[in-house]
Amino acid sequence: FREISQLDAGNGQRVPRAEHVLRKFSPHVQTLIVDIKVDGRGVLGAPKSMGTAALELAGATGCKNCVLWAKSDDEIRHIQSQDPSQAVGFVVMNETSLDRLEGRDRLDRLAGAANVAMHHETASASTLEEVRASGRRVFGWTANTPSMMRKLLDEAPVDGIVTNYPRPLLRAIDARMRACLAEREN
């Protein structure tokens, strides 16, 4: 962390510690996603220790609205074994033949995971309907352009959007809310 904390996060701000981010934003949002970075097979870094650390972080910060997700199903199963009440999710991946061979493209995997993360290109109205039929929420990732945001807001409306550019996304949401209110007034 010492090295990362010296980086510029923008506008001269230093990269904050995860616990500071969770404490600051958790009270103000419906859902806060903690994306556990391991590869799909859980072999990068220290498998399962990242999930344990994320679970401990959510507990230490009192983040009741944190959703822990990862590309590694083993990582999520490990979290579920440690704390069955922790909200978790899995990432749908079908970019490679290995993803498909290992079932990471399946929408019906990981019992108890109430959240599904789908790449913006794989999200469609029919896919969302299938996921929601199982009682799960759908999050689209990573929508960083206006066309990606438009798709996840209009064509395949998801429950939440992951982006590296929140301000343009908030403007797009605000424009839709204003249009909806204007339509209701007419």
Side-chain angles (χ1 to χ4, degrees), residues 18 22 26 29-59 63-145 147-166 169 172-173:
L22 267 58
S26 177
V29 296
Q30 183 179 6
T31 302
L32 203 150
I33 297 165
V34 178
D35 189 357
I36 302 163
K37 294 297 187 183
V38 296
D39 77 348
R41 292 167 303 288
V43 296
L44 288 181
K48 299 191 180 85
S49 67
M50 292 296 290
T52 299
L55 184 59
E56 290 171 357
L57 176 67
C63 187
K64 302 292 184 205
N65 54 341
C66 278
V67 171
L68 310 184
W69 75 35
K71 291 180 178 176
S72 165
D73 290 359
D74 287 341
E75 198 78 32
I76 297 306
R77 282 187 201 97
H78 180 69
I79 291 168
Q80 289 175 308
S81 73
Q82 291 184 300
D83 184 353
S85 69
Q86 175 60 54
V88 295
F90 59 89
V91 179
V92 174
M93 307 226 349
N94 70 354
E95 286 82 12
T96 69
S97 57
L98 182 60
D99 288 332
R100 292 183 291 278
L101 179 68
E102 294 184 352
R104 286 191 294 275
D105 61 331
R106 290 186 35 231
L107 303 173
D108 62 348
R109 65 187 213 264
L110 280 177
N115 303 279
V116 177
M118 300 187 75
H119 191 268
H120 64 88
E121 289 181 359
T122 61
S124 68
S126 62
T127 305
L128 297 181
E129 186 177 315
E130 182 181 343
V131 173
R132 288 193 177 116
S134 68
R136 293 178 163 148
R137 296 187 303 170
V138 183
F139 294 82
W141 61 275
T142 298
N144 285 337
T145 67
S147 64
M148 293 172 191
M149 292 173 190
R150 196 169 28 258
K151 177 182 180 182
L152 296 176
L153 288 169
D154 300 330
E155 299 167 35
V158 293
D159 299 295
I161 298 176
V162 177
T163 182
N164 294 323
Y165 303 101
L169 178 60
I173 292 168

message = Give me the atom names and distance for the closest heavy-atom approach of Val91 to Arg109.
response = O-NH2, 2.7 Å
ask   = Quick one: does Val34's side chain get under 4.5 Å of Val67's, heavy atoms only?
value = no
ask   = So, Thr31 versus Arg137: side-chain donor-acceptor pair below 3.5 Å or not?
value = yes
inquiry  = Is it the case that the ring center of His119 lies less than 6.0 angstrom away from the ring center of Trp141?
reply    = yes
ask   = At their closest point, which heavy atom of Leu152 faces which heavy atom of Gly140, and how far apart are they?
value = CD1-CA, 3.8 Å
ask   = Taking everything shown except Glu129 itself, do over 12 heavy atoms lie less than 6.0 Å from its CD?
value = no
message = Looking at every heavy atom in both Ala18 and Leu57, which two are closest together, and how far apart are they?
response = CB-CD2, 3.6 Å
task = Measure the shortest side-chain to side-chain distance between Ile173 and Ile161 over non-hydrogen atoms and say whether it is less than 4.5 angstrom.
result = no
key: Salt-bridge contact Asp159-Arg132 (side-chain N to carboxylate O under 4.0 Å)   = yes
Closest heavy-atom pair and its distance - Asn164, Asn144 = N-OD1, 2.7 Å
message = Could you check whether any side-chain heavy atom of Thr122 comes within less than 4.5 Å of a side-chain heavy atom of Met93, counting everything from C-beta outward?
response = no
ask   = Under 4.5 Å between any side-chain heavy atoms of Asn94 and Arg104, yes or no?
value = no
query = What are the two closest non-hydrogen atoms of Phe90 and Leu107, and how far apart are they?
reply = CZ-O, 3.6 Å
task = Give a yes-or-no answer on whether the side chains of Ser49 and Thr52 include a donor-acceptor pair shorter than 3.5 Å.
result = no
key: For Asn115 against Val88, the heavy-atom pair lying closest together   = ND2-O, 3.1 Å
query = Going by heavy atoms in the side chains, are Met50 and Glu75 under 4.5 Å from each other?
reply = yes
ask   = Less than 4.5 Å apart, any side-chain heavy atom of Asp99 and any of Asp105?
value = no
inquiry  = Side chains of His120 and Thr142, heavy atoms from C-beta outward: is any pair under 4.5 Å?
reply    = no
